[in-house]
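In each ligand, atom 1 is the first atom listed, and ligand 1 is the first ligand listed.
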Amino acid sequence: MEPEKQEKLYCVKMRASRDGEHVSGAERIVPAAAVPTVAAQLAARALGHSKGTPDFINVKVERPGEIVRLKALPVATHVTHTPAEGYACAAELLRGVGFTRIDEIMALFRETYNMRGAMLLDADTLERLEPDRARGVRATCMDDADSLAKGTAAGKNHYAEAIVLATKVQHTPGIVGEICVSDDPDYVTGYVATREIGYRRITVIKEKGDPSGGRIFLYRGPREQVPETIRFLERQAVIVEDVPPLEDGKSGMRWDLLADELSSIEASGLGRRCRTLDAPTGPTAVVDGKRLVVFSSNDYLDLARDPRVTAAAADAARRWGAGSGGARLTTGTQPPHVTLEAHLARFKGTEAALTYATGYMANVGIISALVGKGDAVFSDELNHASIIDGCRLSGATTVVYRHNDMADLDRKLGGARAYRRRLVVSDAVFSMDGDILDLPRFLETCRRHDAFSMIDEAHATGVLGATGRGLCEHFGCGHPDVLMGTLSKALGSEGGYVCGSRLLIDWLRNRSRAFIFSTAPGASAMAAADAALSVLEAEPERVGRVRENAAFLVAELARLGIKASTQSAIVPILVGDERRAMSLSDRLLGDGFLIPAIRYPTVARGASRLRVAVMSAHTQDDLSRVATALAGCR
Ligand code: PMP
């Protein structure tokens, strides 16, 4: 650690606070020419901090004097999943390098959460050595060589900043160890560092959203040396070289981390696997040789195995081939695609329609074609994942409004007039709750604010309205600008679609990447959906039957003392705990019923549920028996 004379470097330090409480702090060592930019960047960082807007920002620029260059500590990662595991891991690391009185150190560590700087602690006597206990000791005046070379402070990199600090601290005379947790509510990773074991990242050491953080510097040495230790920490300029990239381990290392994470997913009841159903889609199935009544299928009208539908699929495959051979704009458009689109538009009462390979792709493709950077998309908090992903991919600002709360939507639209285009998107039937959108108020709110409106009719088509035309038919009201749906549920096939004006469809054909750059769905899927639409038009009584079945199930459950409700074919039964939901689902399987446990991340943590999907083909006997089995689970 050779001191070097540096004539042209400056240390730019930013500290921000609100009501005297620390909000943000950062610093860079940069060449003189970069000082104005970096000072502005650090101020901007303070203004945008997740802990809130500061009322005081201090940006200080000073010449650092002698600069010491250090090589970054080696890095290793310990994967933890809860704060308790993180604490235990930190304690174990300290114990492993020979510290004693670990429980007392960890208890003192919690006390540092109220301090502005670090606690300076005698590693053996646990005597506190910092002169000002409220302020603590601060390690400042450091940067990594890489950002010095770039001369910018763009973006916070918790990882690199922590290694720079830990490296400086572990090279400070008298310091023998450090333990740290960040006070950034969004950053849950902490570390233990010593010269011997290097920098040990502990992936989870606090709850997300927790704004508390702290650190202890462990000291060993004569008392007379303490002032020099503090001077080095607070004044000595340090540049740290060779900060290793995050998790840039040997090639096997990342797989280790994945395996570790996966076992914790399993342990917390969130593991997922596919079950093979050895039967055509329908109200019954055979799993591992056992016959089950299926309450998990979205084939609400029992059309996937209807002979008219399967014959249409088979004929189309024979006539047009198994696959379409290309994207719709190249070789993938065949007569069944065109016929189905015209049929969908007629059925929904719109000028035109367009199909996608899946409903998921339709949502992603539509939203990202309609809005982008500089626009805003307003999304119900319970919208389907494909809508959420479409919003994310679009690059538009996503504003999430409270579930089905049109007053909240109204307020949020009112506060977002500056955006170029505004799109509001909602599920028609909420797929994990079975309730429906208040469409008339939704449309009125969108119109009043001049925003595009879009609904996802995945679970509404074939289920809502007297003839299964969906939510508009249910309410007897007009259409939103964009009517999206899927062929994979009540229409018994696969693929997604969008219905709307000719202009909308022309726009999507030209601008929707999920449409343009993906192979067209095969003709058999198109022909099957077309045939299913025809069956639905010829036999609208199926729609009434599925809703009657759902209402019958809710009544049976109520009779047995189980609270459930629905406005569609989806009847959720709230359980809460993930593992309990899984064990109930397993138990119901033993009783002969296939009912999936819906868990995080499909629904919020602790909001697990059994999702009972009712079909028109279920008998009253099936429904009574499943209600009894569900009642037996309490
Ligand atoms: N939207 C909603 C509301 C859904 O439930 C689903 C399917 N689970 C989709 C879109 C995606 O449709 P697909 O399965 O055809 O990709």
So ring pair (Phe, Tyr, Trp, His ring centres under 6.0 Å) across residues 544-582, not counting sequence neighbours, yields none

Tell me the ring pair (Phe, Tyr, Trp, His ring centres under 6.0 Å) pairs involving residues 615-634, sequence neighbours left out?
Phe295-His618

So do Ile387 and Asp427 actually touch side chain to side chain, heavy atoms under 4.5 Å?
yes

Under a 4.5 Å cut-off applied to non-hydrogen side-chain atoms, are Ser453 and Phe442 in contact?
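SC-SC contact between Ser453 and Phe442 confirmed.
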
Where at least one partner belongs to residues 455-467, residue pairs that pass side-chain hydrogen bond (donor to acceptor under 3.5 Å, both in side chains), sequence neighbours excluded:
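Found Tyr300-His459, Lys348-Glu457, Lys348-Thr461, Asn363-Asp456, Thr461-Tyr497, Thr467-Arg469, Thr467-Glu473.
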
Measure and list all N/O to N/O distances between ligand 1 and the protein that fall under 3.5 angstrom.
{"from": "ligand 1", "atom 1": "1 (N)", "to": "Asp456", "atom 2": "OD2", "distance (Å)": "2.5"}
{"from": "ligand 1", "atom 1": "5 (O)", "to": "His459", "atom 2": "NE2", "distance (Å)": "2.6"}
{"from": "ligand 1", "atom 1": "8 (N)", "to": "His384", "atom 2": "NE2", "distance (Å)": "3.3"}
{"from": "ligand 1", "atom 1": "8 (N)", "to": "Lys489", "atom 2": "NZ", "distance (Å)": "3.0"}
{"from": "ligand 1", "atom 1": "15 (O)", "to": "Gly359", "atom 2": "N", "distance (Å)": "2.9"}
{"from": "ligand 1", "atom 1": "15 (O)", "to": "Thr486", "atom 2": "OG1", "distance (Å)": "2.8"}
{"from": "ligand 1", "atom 1": "15 (O)", "to": "Ser488", "atom 2": "OG", "distance (Å)": "3.1"}
{"from": "ligand 1", "atom 1": "16 (O)", "to": "Gly359", "atom 2": "N", "distance (Å)": "3.1"}
{"from": "ligand 1", "atom 1": "16 (O)", "to": "Tyr360", "atom 2": "N", "distance (Å)": "2.8"}

Closer than 3.5 angstrom, by distance alone: can the side chain of Arg422 be matched with the main-chain N or O of His449 as a donor-acceptor pair?
yes

